[in-house]
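Here is the structure we will look at, set down as structure tokens.
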Amino acid sequence: TRQIKIAPSILAADFANFGAEIRAIEAQGADWVHVDVMDNHFVPNLTFGPAMCAAIRPHIKTVMDVHLMISPVDASLEAFAKAGADVLTAHAEAGPHLHRTLQTIRALGAKAGVALNPGTPLSAIAHVMDLVDLVCVMTVNPGFGGQSFIHSQVEKLRDLRAMIGDRPVHIEIDGGVDPSTAPLVAAAGADVLVAGSAAFRGGSVENPAPYGTNIAAI
Ligand code: DX5
Ligand code: ZN
């Protein structure tokens, strides 16, 4: 049976206290820590780069799951790998050389992930499946936390699960995951659930509970 992992996204955490926030969420049972890198070019938001990733790495006891919402991406891979990313996920839409991007991530010693925006079909990764350790299905349009789950992606998720079969490739769901949508995606085949607002603010994405909550509810 598939073991479901919860990967809280620090995009929803207190940006002035990442160390403490990471320790708190891992103490509550986080399996991975999802780190959303945004460049204000690939997505309309700007978060942080390799220096911040390197700074928080010593505070992460579990897995640093770095989600690169940046374009171009190839020139930045080494810096993020050196910062300590355990999983380095690039977007299929970030440039023309996805095959080389994934080869480079693996050559740098990180697990290679590929992320698909809601409008991108699975065919975009049909010829790189031998190079991926993780496929991230975006269930929101990337750039912000607290958005609503895009239900049309569940069919993509089911098709992806069939495509992967029992090969050792993680299926990560990213965006709008909360106690109401988590069971849906777990049943459809996901094994890593990213949660930002639901993890750091509890409740549901639409109605976040007071700050800080137990992620077991997800
Ligand atoms: C969106 C990010 C997601 C986001 C998830 O671009 O990639 O990881 O932080 O936040 P919630 O769970 O609040 O949708
Ligand atoms: Zn993300």
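Both counts, for ligands and for their atoms, begin at 1 and track the order of listing. Note that the structure is a prediction, hence the values are computed from the model and not measured.
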Report summary line: Under 4.0 Å from one or more heavy atoms of Met69, ligand 1 contributes atoms 6 (O), 7 (O)
Report summary line: Counting from 1 in the order shown, the ligand 1 atoms closer than 4.0 Å to a non-hydrogen atom of Met38 are 6 (O)
Query raised in the report: With a cut-off of 4.0 Å, which atoms of ligand 1 are near a heavy atom of His34?
Result: 8 (O)
Requested in this report: Check step by step if side chain to side chain donor-acceptor pair (under 3.5 Å) holds for Asp74 and Thr101.
Outcome: CA-CA 6 Å; Asp74 292 350; Thr101 299; 2.5 Å; yes
Requested in this report: Determine whether any heavy atom of Phe149 lies closer than 4.0 Å to an atom of ligand 1.
Outcome: no
**Report entry** Which of the ligand 1 atoms, numbered from 1, are nearer than 4.0 Å to a heavy atom of Gly146
**Finding:** 11 (P), 13 (O), 14 (O)
Query raised in the report: Can you tell if the side chain of Asp39 reaches within under 4.5 Å of the side chain of Met69, non-hydrogen atoms only?
Result: no
Report summary line: Applying ring-ring contact (aromatic ring centres under 6.0 Å, His included) to His41 and not counting sequence neighbours gives none
**Report entry** ligand 1 N/O within reach of Ala198 N/O, cut-off under 3.5 Å
**Finding:** no
Query raised in the report: Is the Phe18-His59 ring centre distance short of 6.0 angstrom?
Result: no
Query raised in the report: Quick one: does Asn141 get an N or O within less than 3.5 Å of an N or O on ligand 1?
Result: no
Requested in this report: Just jot down the ligand 1 atoms closer than 4.0 angstrom to any heavy atom of Gly145, in number order.
Outcome: 10 (O), 13 (O)
Report task. Consider ligand 1: state whether an atom of it lies below 4.0 angstrom from any non-hydrogen atom of Ala12. Result -> no
Query raised in the report: What atoms of ligand 1 come closer than 4.0 angstrom to any heavy atom of Met138?
Result: 7 (O)
Query - Atoms in ligand 1 with a heavy atom of Val194 nearer than 4.0 Å - result: 8 (O)
Requested in this report: Quick one: do Asp86 and Arg57 satisfy salt bridge (charged side-chain N to carboxylate O under 4.0 Å, His left out)? Show the steps, please.
Outcome: CA-CA 10 Å; Asp86 297 299; Arg57 186 66 192 86; 2.9 Å; yes
Query raised in the report: Do any N/O atoms on Gly143 end up under 3.5 angstrom from N/O atoms on ligand 1?
Result: yes
Query raised in the report: Does the side chain of Pro44 come within less than 4.5 Å of Phe144's, by heavy atoms?
Result: yes
**Report entry** Pairing residues for His34 by the ring-ring contact (aromatic ring centres under 6.0 Å, His included) criterion, not counting sequence neighbours
**Finding:** His67
Query raised in the report: Considering only heavy atoms, which of Asp174, Asp178, Thr89 lies nearest to atom 5 (C) of ligand 1?
Result: Asp174
Report summary line: Going by the 4.0 angstrom heavy-atom rule, the piece of Ala195 near ligand 1 is backbone
Query raised in the report: Is there side-chain contact between His151 and Leu184, with heavy atoms separated by less than 4.5 Å?
Result: yes
Report task. Say whether, by atom type as modelled, one donor and one acceptor occur between the side chain of Lys156 and the main chain of Thr120 under 3.5 angstrom. Result -> yes
Query raised in the report: For the Zn ion (ligand 2), which protein N/O/S atoms are closer than 2.8 Å?
Result: His34 NE2, Asp36 OD1, His67 ND1, Asp174 OD2
Report summary line: ligand 1 atoms nearer than 4.0 angstrom to some heavy atom of His67 are 7 (O)
Requested in this report: Using distance alone, decide if ligand 1 has a nitrogen or oxygen within less than 3.5 Å of any nitrogen or oxygen in Ser197.
Outcome: yes
Query raised in the report: By side-chain contact (heavy atoms from CB on, under 4.5 Å), which residues pair with Thr104, not counting sequence neighbours?
Result: Leu77, Arg100, Leu108
Query - Student check: side-chain heavy atoms of Glu172 and Val137 closer than 4.5 Å - result: no
Report task. Answer yes when Arg161 and Asp166 have at least one side-chain N-carboxylate O distance shorter than 4.0 Å, and no when they do not. Result -> no
Query raised in the report: Is Asp133 paired with Arg106 through a side-chain N to carboxylate O contact shorter than 4.0 Å?
Result: yes
Requested in this report: Check whether any N or O atom of Gly176, backbone or side chain, sits under 3.5 Å from an N or O atom of ligand 1, and answer yes or no.
Outcome: yes
**Report entry** Donor-acceptor under 3.5 Å (Ser71 side chain, Phe42 main chain)
**Finding:** no
